[in-house]
Amino acid sequence: MSAILFVCLGNICRSPAAEGSFRAFLEARGAAESIALDSAGTGAWHVGNPPDPRMIQAARRRGIDLSELRARKVQASDWKSFDWIIAMDRDNHGVLGDRRPPGPVRARLALLGDFVDAEDPPEVPDPYYGDGEGFERVLDLLDSAWQPLLERIQADRAS
Ligand code: 4NP
């Protein structure tokens, strides 16, 4: 079993979208049973809340149900529970790196964009304060990461 944690700031827009979208991608390929997914935020403002209604709506239009997800904050034990901790943007990648517990850990830290373009990794922009288009752009960018991420997980297992 591989385990992947997606992380953004609030855990109500980008990272729950990543969790739900990658789960749908894996289910369509019969690969969901062997990969555990979760998401969390570096901030605690929205802990216990469902995703932003605009993100739920945008995902629902693509057949992805995010309504059961609830926000939580990243915790130190996540570094031992997950194989990959994948940040949506550089700010959150930096915060995660700063909070990495000392000593050996299981998880590797990556930027979601590393799987889209390793040479010039794009960030997944925060849609919270923008127009509705931002939520569509999040889902589009996420889609472009899933095949490379799945291949990386499979390559890790084979090695
Ligand atoms: P997320 O978006 O990090 O993609 O969940 C945000 C959600 C809430 C806030 C900022 C970003 N906020 O400031 O409350």
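Below, all heavy atoms of this structure are taken into account, side chains as well, without hydrogens, waters or symmetry copies. Since this is a predicted model, take the numbers as computed values, not measurements. Counting starts at 1 for both ligands and their atoms, following the listed order.
- For D52, the salt bridge (Lys or Arg N to Asp or Glu O under 4.0 Å) criterion is met by R54, not counting sequence neighbours.
- Taking the six-membered ring where the residue is Trp, the centroids of Y128 and W45 are separated by 6.0 Å or more.
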In residues 30-42, what donor-acceptor pairs under 3.5 Å come from side-chain atoms, sequence neighbours left out?
residue: S34; atom: OG; partner: A31; partner atom: O; Å: 3.4
residue: S34; atom: OG; partner: R157; partner atom: NH2; Å: 3.4
residue: D38; atom: OD2; partner: R72; partner atom: NE; Å: 3.2
residue: D38; atom: OD2; partner: R72; partner atom: NH2; Å: 3.0
residue: S39; atom: OG; partner: N11; partner atom: ND2; Å: 2.9
residue: S39; atom: OG; partner: E19; partner atom: OE1; Å: 2.9
residue: T42; atom: OG1; partner: N92; partner atom: OD1; Å: 2.6

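- The ring of F115 has its center closer than 6.0 angstrom to the ring center of W84.
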Between the protein and ligand 1, are there any N or O atom pairs that come within less than 3.5 Å of each other, and if so, what are their names and distances?
residue: ligand 1; atom: 2 (O); partner: D126; partner atom: OD1; Å: 3.3
residue: ligand 1; atom: 3 (O); partner: L9; partner atom: N; Å: 2.9
residue: ligand 1; atom: 3 (O); partner: G10; partner atom: N; Å: 2.8
residue: ligand 1; atom: 3 (O); partner: R14; partner atom: NH2; Å: 2.9
residue: ligand 1; atom: 4 (O); partner: R14; partner atom: N; Å: 2.9
residue: ligand 1; atom: 4 (O); partner: R14; partner atom: NE; Å: 2.7
residue: ligand 1; atom: 5 (O); partner: G10; partner atom: N; Å: 3.4
residue: ligand 1; atom: 5 (O); partner: N11; partner atom: N; Å: 3.2
residue: ligand 1; atom: 5 (O); partner: I12; partner atom: N; Å: 3.0
residue: ligand 1; atom: 5 (O); partner: C13; partner atom: N; Å: 2.9
residue: ligand 1; atom: 13 (O); partner: Y129; partner atom: OH; Å: 3.4
residue: ligand 1; atom: 14 (O); partner: H46; partner atom: NE2; Å: 2.7

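- Remark: D143 engages R62 in a salt bridge (Lys or Arg N to Asp or Glu O under 4.0 Å) (not counting sequence neighbours).
- Using a 4.0 Å cut-off between charged side-chain N and carboxylate O, D83 and R108 make no salt bridge.
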